[in-house]
Amino acid sequence: MSNRVLLTPEFLKIARPGHDVVNGGNPALQFSTEWRHLKVHAKGMVAVASTSVNLQKQTIWFGKTFSSPPLVSIGLYEDGNTSPGNSYTALATMGGYYMRYANVGYVWIYQIFNDRIEVDTNMGHYFRYIIWDFAL
Amino acid sequence: MIIEFDNDGNIFHVVNDPAPEGLLQVMRDRNMQVIEVKPLKVFDENGEHIRTDRLDIDMLRHFVKEGAIQERADFGLPGELNLTAPTTFHLPIGTKMTLDGEIYDLEDGSITLEPEMAADYELVFQAPGHITHTMAVHVDEALAA
């Protein structure tokens, strides 16, 4: 009969049915406290006014400095406020990357840093964001 | 919930509950205009907590005035107007009207619309503390000169 649960002062591991938690290695596991878990650090919504010509900057601070740029989900809306408008784009960015969308002179640039998101744009729009935190 | 707003009280950033610990201070340290809106705990006559009410912020309906969230007023204008004769509206002083991309300052708040050219127009009215209003104006026939 295989061992299913292993609890030590350092961790808790549970093996999948029919697998051994001691000898099965990671592929045998159904759960481990050593796995990193994703939690929501912050979420919110921003309304950016249209400038049509010059880029304006909007900064969203995280309230803490991550060791590396975190994962951020961003959803853009061309209209609407607390509910999605007819135009909706869902984007997810990995930390440190930036996106640029250019359509007929309109630019949206999102840059993810260790402690903030910087948005440079000349087109009025709304966006929702979720900042994820990999926490043990 | 953390609310960030501009000099006219317009809300442009909402951080949902629960806001990260320390974020409010980080934003204040950077001289950002912010207020914190906490959930309201409701208790019964025995002091038992029966529910928590959270304010649902609507960026178009709400604004910040004197450090508190307030409902925007309505201009009281129609959504559509079939203009057949000169019509005057008295709006709050400082109202801005946008027509064909041009912004007009209504210094004393009054505006008279005259059917000079048959066409369909879209007027947008904005004023601090008011819900931005769009009025479609239809002119069938121009007034004789």
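Lettering follows sequence order; numbering is per chain, from 1. For the numbers below, each heavy atom of this structure counts, side chains included, while hydrogens, waters and symmetry mates do not.
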Shared hydrophobic cluster for A:Val40 and A:Leu71 (ILVMFWY, side-chain gaps under 4.5 Å): yes
Tell me if the aromatic rings of A:Phe127 and B:His13 count as close, with their centers under 6.0 Å from one another. no
B:Asp100: partners by side-chain contact (heavy atoms from CB on, under 4.5 Å), with sequence neighbours left out: none
pair B:Met59-A:Met45: side-chain heavy atoms closer than 4.5 Å: yes
Segment of B:Met32 engaging chain A (4.5 angstrom heavy-atom cut-off): side chain
For B:Glu4, is it the side chain, the backbone, both, or neither that has a heavy atom closer than 4.5 Å to a heavy atom of chain A? side chain
Heavy-atom pairs under 4.5 Å with chain A are the metric here; pick the option from B:Gly22, B:Pro18, B:Pro20, B:Ala19 that has the most. B:Pro20
Rounded to the nearest 0.5 Å, what separation is found between the NE2 atom of A:His41 and the CG atom of B:Leu23? 7.0 Å
Any chance CG of B:Asp44 has more than 12 other-residue heavy atoms, nucleotides or ligands included, within less than 6.0 Å? yes
Side chain proximity check, B:Asp29 to A:Trp61, heavy atoms < 4.5 angstrom: no
Do you reckon B:Phe12 sits in the same ILVMFWY cluster as B:Ile35, going by side-chain contacts under 4.5 Å, direct or chained? no
With respect to chain B, which residue among A:Ala47, A:Ala42, A:Gly44 yields the maximal number of heavy-atom pairs within a distance under 4.5 Å? A:Ala47
Interchain contact, A:Phe62 with chain B, by part (heavy-atom threshold 4.5 Å): backbone
I'd like to know whether NZ of B:Lys96 has more than 12 heavy-atom contacts from other residues, nucleotides or ligands below 6.0 angstrom. no
Spell out, yes or no, whether A:Ile14 and A:Trp35 are grouped together once hydrophobic residues are joined by side-chain heavy atoms under 4.5 Å, including indirect joins. no
For A:Lys57, does the NZ atom have more than 12 heavy-atom neighbours from other residues, nucleotides or ligands under 6.0 Å away? yes
